Undergrad: 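Have a look at this one.
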Amino acid sequence: MRMIFRELNRRTGPVELEGEVTLQGLEKENPDLLSLDPLQVNILAWKEKGLYQVQGKQHTRVKLNCSRCLTPFSQPLEMEWFQAFTDDEQQMEAWEEEGEDVRLVQPDQPTDLTPFIREALLLELPLAPVCQPDCLGLCSVCGSNRNRESCDCDRERVDPRMAKLQEFFKNQD
């Protein structure tokens, strides 16, 4: 998705853009991400205090692998982002001194907003996705999905430092 900022110089109000963005290759970067629908993106841009302000809202549906039971599941994602731009290098340096993230653009050249759309999506993806909040995961002994079937495996973990003490108490019985 591209935007030419000179359009904001000619208008008194904000500019709205809507579109669909397809991000390729994210499945290779994130092993839990199985598929990604195209993002529906709404952009609102305006000029204020010499800065081009861009606010993005986007949503999509992703298919992920559950980190506990490895079952694929779909999940909707909604995200927002904001970025400020300027065409004045001195103004950019002044804003950066104040700790603001301002990007330099050429107002007559199209600016690609896809990196900001992509970054917002990556930040919204769960670090350890789960198919449901109470997912029981896989049995650590037999590997069965504990959400679908129960098993009688002994999953009691013994601290190796206390294993000898446990043997001592077994011998006293």
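As the structure is a computational prediction, the values presented were derived from the model and not from experiment. We use all heavy atoms of the structure for the numbers below, so side chains are in, but hydrogens, waters and symmetry mates are not.
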Undergrad: Sub-3.5 Å donor-acceptor pair from the side chain of E16 to the main-chain atoms of A45, do we have one?
TA: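 Judged by distance alone, no pair lies under 3.5 Å.
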Undergrad: Given the rule that I, L, V, M, F, W and Y join up when any side-chain heavy atoms are under 4.5 Å apart, are L26 and I117 in one cluster?
TA: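 Yes; tracing contacts between hydrophobic side chains, which count when under 4.5 Å, links both residues.
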Undergrad: Could you grab the distance from atom OG1 of T60 to atom CG of D37, nearest 0.5 Å is fine?
TA: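 CG of D37 is found 5.0 Å from OG1 of T60.
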Undergrad: Less than 4.5 Å apart, side chain to side chain, heavy atoms only: is that true for L64 and P72?
TA: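 A side-chain contact under 4.5 Å is absent here.
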Undergrad: With heavy-atom distances below 4.5 Å as the criterion, would you say the side chains of V105 and Q109 are in contact?
TA: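 When only atoms from C-beta onward are counted, Q109 and V105 do not touch, as no gap falls below 4.5 Å.
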Undergrad: Which distance, rounded to the nearest 0.5 Å, do you find between the CG of L136 and the CG of N145?
TA: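 Between L136 CG and N145 CG, I get 8.5 Å after rounding to 0.5 Å.
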Undergrad: Would you check if L77 and L121 make a side-chain contact, meaning some heavy-atom pair closer than 4.5 Å?
TA: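 Yes, their side chains come closer than 4.5 Å.
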Undergrad: Atom CE of M1 and atom CD of E18: how far apart are they, to the nearest 0.5 Å?
TA: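 So the CE of M1 and the CD of E18 are separated by 8.5 Å.
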Undergrad: Got M3 and L17 here, is their nearest side-chain heavy-atom distance under 4.5 Å?
TA: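 M3 reaches L17 side chain to side chain.
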Undergrad: Working note: T86 + D88, criterion side-chain hydrogen bond (donor to acceptor under 3.5 Å, both in side chains); need CA distance, chi angles, decisive distance, verdict.
TA: CA-CA 6 Å; T86 185; D88 183 359; 5.7 Å; no
Undergrad: Distance from F82 atom CZ to Q53 atom CD, nearest 0.5 Å?
TA: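 Here the rounded value is 4.0 Å.
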Undergrad: Side chains of D101 and Q83, heavy atoms from C-beta outward: is any pair under 4.5 Å?
TA: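 Side chain of D101 against side chain of Q83, heavy atoms only: contact under 4.5 Å found.
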Undergrad: Please report the closest heavy-atom contact between I4 and P110, naming both atoms and the distance.
TA: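 Heavy atoms of I4 and P110 come nearest at CG1-CA, 3.8 Å.
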Undergrad: Between W81 and F116, how do the two ring planes meet: parallel, tilted or perpendicular, split at 30° and 60°?
TA: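 Parallel, since the angle between the ring planes stays under 30°.
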Undergrad: Can you confirm whether F85 sits close enough to L113 that some side-chain heavy atom of one is under 4.5 Å from a side-chain heavy atom of the other?
TA: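 Yes, their side chains come closer than 4.5 Å.
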Undergrad: Taking all atoms of both residues into account, what is the closest heavy-atom pair of V141 and C153, and its distance?
TA: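 Looks like CB-CB, 3.8 Å.
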Undergrad: Ignoring hydrogens and angles, tell me if any N or O in the side chain of R68 forms a donor-acceptor pair with the backbone of C135 under 3.5 Å.
TA: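 Side chain of R68 to backbone of C135: a pair is present.
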Undergrad: Given E78 and Q58, is the side-chain hydrogen bond (donor to acceptor under 3.5 Å, both in side chains) satisfied, shown in steps?
TA: CA-CA 6 Å; E78 293 185 21; Q58 56 201 42; over 6 Å; no
Undergrad: How close do F5 and V54 get, heavy atom to heavy atom, and via which atoms?
TA: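 That closest heavy-atom pairing would be CE2-CG2, 3.6 Å.
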Undergrad: Under the side chain to side chain contact (heavy atoms under 4.5 Å, CB included) criterion, do M79 and H59 qualify, and how do the steps go?
TA: CA-CA 6 Å; M79 58 229 81; H59 64 275; 5.7 Å; no
Undergrad: Does atom CD of Q132 have more than 12 heavy-atom neighbours from other groups under 6.0 Å away?
TA: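 Atom CD in Q132 is packed in, count exceeds 12.
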Undergrad: Shortest non-hydrogen contact from T114 to L23?
TA: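 Looking at all heavy atoms of both residues, the closest pair is CG2-CD2, 3.7 Å.
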Undergrad: Salt-bridge test for K47 and E7: reply yes if a basic N is under 4.0 Å from a carboxylate O, no otherwise.
TA: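 A salt bridge is absent here (no side-chain N lies under 4.0 Å from a carboxylate O).
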Undergrad: Mind checking the CG-NZ spacing from N42 to K57? Nearest 0.5 Å is all I need.
TA: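 Output value for this atom pair is 8.5 Å.
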Undergrad: Where do E20 and P38 come nearest, in terms of heavy atoms and distance?
TA: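 Heavy-atom minimum between the residues: CG-CB, 3.4 Å.
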Undergrad: Do S67 side-chain atoms and P129 backbone N/O form a donor-acceptor pair below 3.5 Å?
TA: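 The answer is yes, because a donor-acceptor pair under 3.5 Å joins these two groups.
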Undergrad: Are V130 and L33 connected in the hydrophobic side-chain network, where two residues link if heavy atoms are under 4.5 Å apart?
TA: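 No; tracing contacts between hydrophobic side chains, which count when under 4.5 Å, never links both residues.
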Undergrad: State plainly whether one hydrophobic cluster holds both L36 and V21, where clusters connect Ile, Leu, Val, Met, Phe, Trp and Tyr through side-chain heavy atoms under 4.5 angstrom apart.
TA: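 In one cluster with L36: V21, yes.
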Undergrad: Could you report the tightest heavy-atom contact between E27 and L34, atom names first, then the distance?
TA: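 In terms of heavy atoms, the two residues are closest at CG-O, 3.4 Å.
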Undergrad: Return yes when atom CD of E89 has more than 12 non-hydrogen atoms of other residues, nucleotides or ligands closer than 6.0 Å, and no otherwise.
TA: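 Check fails, neighbour count at 12 or below.
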Undergrad: Nearest 0.5 Å, please: how far is OG1 in T22 from CD in Q24?
TA: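 The OG1 atom of T22 is 6.5 Å from CD of Q24, to the nearest 0.5 Å.
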Undergrad: Under a 4.5 Å side-chain heavy-atom rule over Ile, Leu, Val, Met, Phe, Trp and Tyr, are L44 and V41 clustered together?
TA: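 No, no single cluster joins them.
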